[in-house]
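Naming convention: chains lettered A, B, ... in sequence-line order (proteins, then strands); numbering from 1 in each chain.
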Number of protein chains: 2
Amino acid sequence: MAKVTLKGLAKTLNLSTSTVSKALKDYPDINAETKQKVKELAERLNYTPNSFAVSLRMKESKTIGVIIPTMVHYFFSNVIDGILKEAEKRNYMVILMQSNEDYDLEKKQVDLLLNKGVDGILISLSNKTRDFNHLKKIIESNIPLVLFDKIAKTINCSKVLIDDRKAAYDAVSFLINKGYKRIAHFRGDLNPQNSIDRFLGYKKALLDHNIDFDPSLVYICNNNSDFSDGYENARKLIQDHGNGVDALFTVNDLIAIGALSYFNENKIKVPERIALFGFSNWFMTKITTPSLSSIDQNAFKMGVESTKVLFDEIDSIHKGKKIEFKKIIIDTELIIRNSC
Amino acid sequence: MAKVTLKGLAKTLNLSTSTVSKALKDYPDINAETKQKVKELAERLNYTPNSFAVSLRMKESKTIGVIIPTMVHYFFSNVIDGILKEAEKRNYMVILMQSNEDYDLEKKQVDLLLNKGVDGILISLSNKTRDFNHLKKIIESNIPLVLFDKIAKTINCSKVLIDDRKAAYDAVSFLINKGYKRIAHFRGDLNPQNSIDRFLGYKKALLDHNIDFDPSLVYICNNNSDFSDGYENARKLIQDHGNGVDALFTVNDLIAIGALSYFNENKIKVPERIALFGFSNWFMTKITTPSLSSIDQNAFKMGVESTKVLFDEIDSIHKGKKIEFKKIIIDTELIIRNSC
DNA sequence: TTGTACGCGTTATCAG
DNA sequence: CTGATAACGCGTACAA
């Protein structure tokens, strides 16, 4: 079952490949009858253009590359869901890679994608990424790059993200307005922008409401095993502060759930003894006991919007237009449940 | 910054493209000195072969395609994780698509992948898939196909799966040995093999232990919203059977958690009043109250093994060897927690 | 040891 | 309206 090609069609129809090619693409300068004939045969033999040849000729692959830190994450699954659905609409393919929070791997993957000739790249940076030459390389190669969620402020490209600082500010303000005063924070690692911004939002909310910022109420989670980070830090928190703490805002839900697990095991009542507020609105926040208040990040929408921006830029490049970088803020939403 | 090509290298070195090409691939019939020169320049100019041209020439893309029913699923995230890690080792790219449990989409995606010239395809079938012509098309195209998890028994290709029947049998036997006698089952949709096999395992365990099989204790979850399926069916179960049921085995954890949620809300104590056993060992089963007994499916390993088998077949085809289809059973494990 | 020539399957330009 | 021809960038049999 030899693959059917333009040449094949041409031969059986006694036409030239160029005529066949044009006929299939409805060029105006081809006889209606010949068009008919060609299309019929193509249909019958199930002709599809060889994508390698098309790509080589057209210098485009109808493929985009996506790099995320890690696959096994409710947030990223949802982002990918959005990306795939949006790409699907344009019959684009999506090459997916995970950096595994490893800078060197991320760098290598960028090279692979560049080399593969993808039409655009979507990245959520690894926590370890502090050097951005690999991103600059993408830009210099003149292929569109959109950063989402974990971005690099200094890089000149489109970005899609949430306003972490505002979201955190809102959550902590909510806690304060509910009457909580000694609010702890389990923050993420020192480097990632999300972690920093959520921390800053937390701090600003305190200060704006005339509550002293107490550094000893801030704990860092950086063991890359969020759940036990949360569990362990909850232990320390209670050990360090006892009744000197009445609420806890965490940088993500998994950490919150880890903490909750510690609280539940030790009969520390949530929210009576200590209130709890997570971040991300993971699926499971609905089903914990008590259910967990959190912040919905609209991950799916983030995937969709990132992809749209990327396609816009791909289109611009095609049309020879200059692309103007966008910064899209995906709206977040406080989800109040029973943990505060 | 014009892309550097073989021709470019050849020109600046006053060599022919073929010499350059061979030099870079360490052909034995090239002077060591020229090799050195060529490689140096290539390195310096950061030469990388144009992948479109290579693919066109070699008829291979160093890319595999993966179709799963849905991205946002702990199980599939883990499978994908395994696939990506394994592909990474060989510097293969992975094109990911989700059928969204839609047969037509699955079919279209197969066509897209075939057309794209991927070197192999990995599929976990949609629940709605009952016609397999699209799979046959893959096989006829002589490109390796490996089915995993949601497979089609009648299709002649390699398969990677767990022994659902045995796993279910073990779980239900465990419940019986613990003394439970009226064991309900929330099964999945009627069509998918997993759903069938888990049901059969459940049934056989009952019969082997001299417990009558009572069809009224079996409920179907087919609203594609597992959690509320579980919740709703739990309501019906209690309504229908009251105290005439003392345990529940569900086709997946999400359904179990939905049921658990209903039980918790209605003060129906787990496991005192009703025991609960899930399936999949989702991340969150650890952190429910009570924690949920389940069956670990080794999703990551399934991803890894599927990919290995696929690569083996790709290699075989390259070597012109005949490929022999494998059926790999990934071992499962009972994880006993506090829900039974 | 190196170079020539061709083909992979398309598309685009230009001439007929 | 149709067809030759070149080009995309690479790999390889064959010639030199």
Where at least one partner belongs to residues 14-73 of chain B, residue pairs that pass ring pair (Phe, Tyr, Trp, His ring centres under 6.0 Å), sequence neighbours excluded: His73(B)-Phe76(B), His73(B)-Trp282(B)
Pairs where residues 117-139 of chain A contributes a residue and the test salt bridge (Lys or Arg N to Asp or Glu O under 4.0 Å) is met, not counting sequence neighbours: Asp111(A)-Lys137(A)
Cationic N near anionic O, under 4.0 Å, Lys108(A) to Asp102(A): no
Residue pairs, two or more places apart or on separate chains, that pass side chain to side chain donor-acceptor pair (under 3.5 Å) and touch residues 145-155 of chain A: Asn127(A)-Lys150(A), Asp149(A)-Asn194(A)
Pairwise salt bridge (Lys or Arg N to Asp or Glu O under 4.0 Å) hits with a residue in residues 315-324 of chain B, at least two apart: Arg90(B)-Asp315(B)
Within residues 302-312 of chain A or reaching into it, pairs that qualify as salt bridge (Lys or Arg N to Asp or Glu O under 4.0 Å) - sequence neighbours excluded: Asp312(A)-Lys326(A)
Near-strand residues of residues 18-27 of chain A, defined as heavy-atom separation under 4.0 angstrom from DNA chain C: Ser18(A), Ser21(A), Lys22(A), Lys25(A), Tyr27(A)
First-last contacting nucleotides on DNA chain D - partner chain A, under 4.0 angstrom, heavy atom: dC1(D) to dG9(D)
N or O in side chain of Thr17(A) less than 4.0 angstrom from dG9(C) OP1/OP2: no
Residue pairs, two or more places apart or on separate chains, that pass ring pair (Phe, Tyr, Trp, His ring centres under 6.0 Å) and touch residues 110-136 of chain B: Tyr103(B)-His134(B)
Residues forming a side-chain hydrogen bond (donor to acceptor under 3.5 Å, both in side chains) with Thr17(B), sequence neighbours excluded: none
DNA chain C contacts among residues 37-61 of chain B, heavy-atom distance under 4.0 Å: Leu56(B), Arg57(B), Lys59(B)
Those residues that, when tested against Tyr92(A), pass ring pair (Phe, Tyr, Trp, His ring centres under 6.0 Å) (two or more places apart): Phe311(A)
Partners meeting salt bridge (charged side-chain N to carboxylate O under 4.0 Å, His left out) with Glu40(A) (sequence neighbours left out): none
Residue-phosphate contact under 4.0 Å: Lys7(A) side-chain N/O, dC8(C) OP1/OP2: yes
